[in-house]
Every structure is written in structure tokens, then in C-alpha cells.
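Just so it is clear, the values below take in all heavy atoms, side chains as well, and ignore hydrogens, waters and symmetry mates. Below, chains carry the letters A, B, ... as their sequence lines are ordered, and counting in each starts from 1.
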Number of protein chains: 2
Amino acid sequence: MKLAPNDLERVATLFRAFSEPTRLAIIQEMKDGEKSVSEIVEALTTTQANVSKQLRLLYETGILTRRKEGTSVLYAIGDPMVFELCRLVCDKLNRDLAKPKRLKF
Amino acid sequence: MKLAPNDLERVATLFRAFSEPTRLAIIQEMKDGEKSVSEIVEALTTTQANVSKQLRLLYETGILTRRKEGTSVLYAIGDPMVFELCRLVCDKLNRDLAKPKRLKF
DNA sequence: CGCAAGTATAACTATGTGGTTATTTGGTTA
DNA sequence: TAACCAAATAACCACATAGTTATACTTGCG
């Protein structure tokens, strides 16, 4: 059964959320639980504005949850499938690395 | 354990390969086995040049295999993790759709 | 109230890339 | 060899978006 163009778009959008190192780094920061924006900013090497922007994207894609606490905002991974996804991809990359590289020639 | 920037880049690159509807459609065409370039072109609504370009990207990302047969080139999904990935994402989107939409107000 | 801290948004630039048309390469057959 | 097909590449344009700087919003507190 093939997906309609509309659904392909939705699938693509979800994958796209994972297609930037900065966003992956943000996700990685939250793997042991929720983190505030400023905690994430401290851990990374980019600006607060950029972190906010990427968090917004991840939130709107349905990957993260968000709650306010005082003046802070705590983000967390909202679906365990995120871990599965990352595991699958990492496993594949490890398999590829393990493969003996075919010599050219 | 956190991934090094280099590894984040590699993970991102893999996810990026799945982040375009056209490439997902191409992958979908091959879910029951290998397909020639022209078969894929026929099934989609884009040009042969574009299909070739996207196939190249998918091949170089390690997602597809390739073999020549006469004047044709047959591509196939090279790693079953592709199916797992797509299943995970589709399942999530279905779960999200099933959720009662919270009213705004 | 006024100030400070945490977060979000706006405006902008630079870069990457999806898609197109036109051309080329490579293999097959007459 | 020439003609023909499949596939790949080149050159180009248009658009999306990651990241930046500057500014606005929001909440807590003196």
C-alpha cells in the first residue's frame, strides 16, 4: 500500500526534524529527562536564539513536550520512538563502518 | 554517552536522505524488490534526471544497492532498517492523528 | 513599580539543494 | 559504423532554512 503525497510530506517533515546536527545535539541533551532552554544553551556551542528556534521546530513536529516552570521552560522528549529511531540509525552507521571497505581498482 | 559532532553529522545525513517526499516515493516503489530507473520514473511524476539524482543520493548514503543489467540499472533497498524506520515514523504519525485534538480556547 | 533573568520572535544573510532543461556517457543492436 | 535506448551529469534557478544580531515578551522579585 502506497502513501498519498500528503502523507509522504508528513513523513518527510518528521525525518527532516532529525536531519540537522544541532537538533540532534539538542535531543541528545534531553535523553535523560527534561532540560531547560538555558541548560541546553550552556551545553551546546550556539546561541540562545538558535536553540529556541530549533526547540520550537522540534516541539511543533510533535517530538518534544514543553512545560513552564517559573521563568524557565522545560523541554522533554515526548515519544520513546525517538530513541528507537536514533538507535536504528546509529546501528546502521556502525554496521557500515564495520564493513571492510572495498578497494577502488 | 554523547556522539561527537562528526557522528552527529553522519546521523543527520542519514535522516536527511529520508526528508524529501520524492525520495520517500522512490523508496516506496522499491519496497517489493529492485526496480530499474525507468520503472521508477514511470511510477512518479518527475523527470528522469531528478530520479537519477535522488537515486544517486540514496545510493551514496548507503540506503540503496545498485546493479547493472544490460542498459538498465536496478536499484534496491539495501538495508531492512529502512522498513523499520518508516514503520516507526508512520506509527507515530498515526498515533498523533488518533489523539483527540485539543480545542484552542 | 522597576529591574533582572529566561525565553521567544523578527529581520536578515548565506548556503544548500530540489527540480528543470540540455547534454553526455555507456551499452545494445542492426 | 551508425542509430538507439537507458542512465548519468552539467548548468542553472528558485526556494527553504540554519544561524546571527537585535529586540520583544514574560515571570519573579526587590
Side-chain angles (χ1 to χ4, degrees), chain A residues 5-6 8-30 34-76 78 104, chain B residues 3 5-6 8-30 34-61 63-76 78 104:
Chain A
N6 215 341
L8 288 178
E9 194 72 56
R10 286 165 47 82
V11 173
T13 297
L14 228 181
F15 277 122
R16 194 175 300 118
F18 294 94
S19 75
E20 283 295 324
T22 299
R23 284 195 290 270
L24 292 175
I26 288 176
I27 289 171
Q28 209 174 202
E29 287 303 318
M30 300 186 295
E34 54 184 10
K35 285 270 161 63
S36 72
V37 176
S38 42
E39 281 175 316
I40 297 170
V41 171
E42 275 179 58
L44 305 191
T45 59
T46 183
T47 60
Q48 178 266 320
N50 193 30
V51 169
S52 266
K53 188 173 170 178
Q54 307 307 330
L55 282 171
R56 182 180 208 270
L57 188 152
L58 290 169
Y59 174 70
E60 289 180 343
T61 316
I63 294 169
L64 301 182
T65 61
R66 176 161 71 175
R67 74 184 179 90
K68 292 196 172 182
E69 192 168 84
T71 88
S72 289
V73 177
L74 302 178
Y75 286 85
K104 300 212 171 174
Chain B
L3 295 185
N6 214 342
L8 287 178
E9 194 72 56
R10 287 164 46 81
V11 173
T13 297
L14 228 181
F15 277 122
R16 193 174 301 120
F18 295 93
S19 74
E20 284 294 326
T22 300
R23 283 196 291 271
L24 292 175
I26 289 176
I27 290 171
Q28 212 174 199
E29 287 303 317
M30 299 187 295
E34 54 183 10
K35 285 269 161 65
S36 71
V37 176
S38 40
E39 282 176 316
I40 297 170
V41 171
E42 275 178 60
L44 305 191
T45 59
T46 183
T47 60
Q48 178 266 319
N50 192 31
V51 170
S52 266
K53 189 172 170 179
Q54 306 308 331
L55 281 171
R56 182 182 209 270
L57 188 152
L58 290 169
Y59 174 72
E60 288 179 344
T61 316
I63 293 170
L64 301 183
T65 61
R66 176 162 71 174
R67 75 183 179 90
K68 293 196 173 182
E69 194 168 84
T71 90
S72 290
V73 178
L74 302 177
Y75 285 86
K104 299 212 170 176

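Residue A/R56 places at least one side-chain N or O closer than 4.0 Å to OP1 or OP2 of C/dT9. Phosphate proximity of C/dT20 to B/T46: present, with a side-chain N or O under 4.0 Å from OP1 or OP2. Between B/T71 and the phosphate of C/dT28, there is no side-chain N or O to OP1/OP2 separation shorter than 4.0 Å.
The 5' end of DNA chain D is approached more closely, in terms of each residue's nearest nucleotide, by A/E20 than by the other of A/E20 and A/K68. Heavy-atom distances to DNA chain D give each of B/A49 and A/R23 a nearest nucleotide, and the one nearer the 5′ end belongs to B/A49.
Rounded to an integer number of Å, the gap from CD of B/E9 to C1' of C/dT15 is 13 Å. Atom NZ in A/K53 sits about 13 Å away from atom P in C/dA11, given to the nearest Å. As rounded to whole Å, 13 Å separates atom C1' of C/dG27 from atom CD of B/E69. Taking atom CG of A/N50 as the reference point, atom C1' of C/dT13 lies 14 Å away to the nearest angstrom. Summarising the geometry, the separation between CZ on A/R16 and P on C/dG16 is reported as 17 Å, rounded to the nearest angstrom. The OH atom of A/Y59 sits 11 Å away from the P atom of C/dA8 (whole-angstrom rounding). Across the protein-nucleic acid pair, B/F18 atom CZ and C/dT17 atom P stand 16 Å apart, rounded to whole Å. Taking atom CD on B/E60 and atom P on C/dT17, their separation rounds to 12 Å, with Å as the unit.
In terms of modelled atom types and a separation under 3.5 Å, the side chain of A/R67 and the main chain of A/L74 share no donor-acceptor contact. A distance-only check finds no donor-acceptor pair linking the side chain of A/R23 to the backbone of A/Q54 [under 3.5 Å].
Nucleic acid contact for B/S72: sugar-phosphate only, since backbone atoms but no base atoms lie under 4.0 Å from a heavy atom of the residue. Across all strands, B/Y75 comes closer than 4.0 Å only to sugar-phosphate atoms, never to a base (heavy-atom distances). Using a 4.0 Å heavy-atom distance criterion, A/Q54 is classed as a sugar-phosphate-only contact. Within the 4.0 angstrom heavy-atom criterion, only backbone atoms of the sugar-phosphate kind lie near B/L57; the bases stay farther away.
Heavy-atom contacts of chain B under 4.0 Å fall on DNA chain D between two terminal nucleotides, which in 5' to 3' order are D/dA6 to D/dT9.
Remark: the A/E42 side chain and the A/S38 side chain contain no N/O donor-acceptor pair separated by less than 3.5 Å. Side-chain atoms of B/T13 and B/E9 form no donor-acceptor pair, as typed in the model, at a separation below 3.5 Å.
Checking C/dG19, C/dT28, C/dT7 against the side-chain heavy atoms of B/T22 singles out C/dG19 as nearest.
When side chains are defined from C-beta on, B/L24 does not count as touching B/Q28, because their heavy atoms never get closer than 4.5 Å. At least one side-chain heavy atom of A/F15 sits less than 4.5 Å from a side-chain heavy atom of A/V11. Residues A/R66 and A/L55 have side chains not in contact (no heavy-atom distance under 4.5 Å, counting atoms from C-beta outward). Looking at B/L14 and B/R10, their side chains never come closer than 4.5 Å, going by heavy atoms from C-beta outward.
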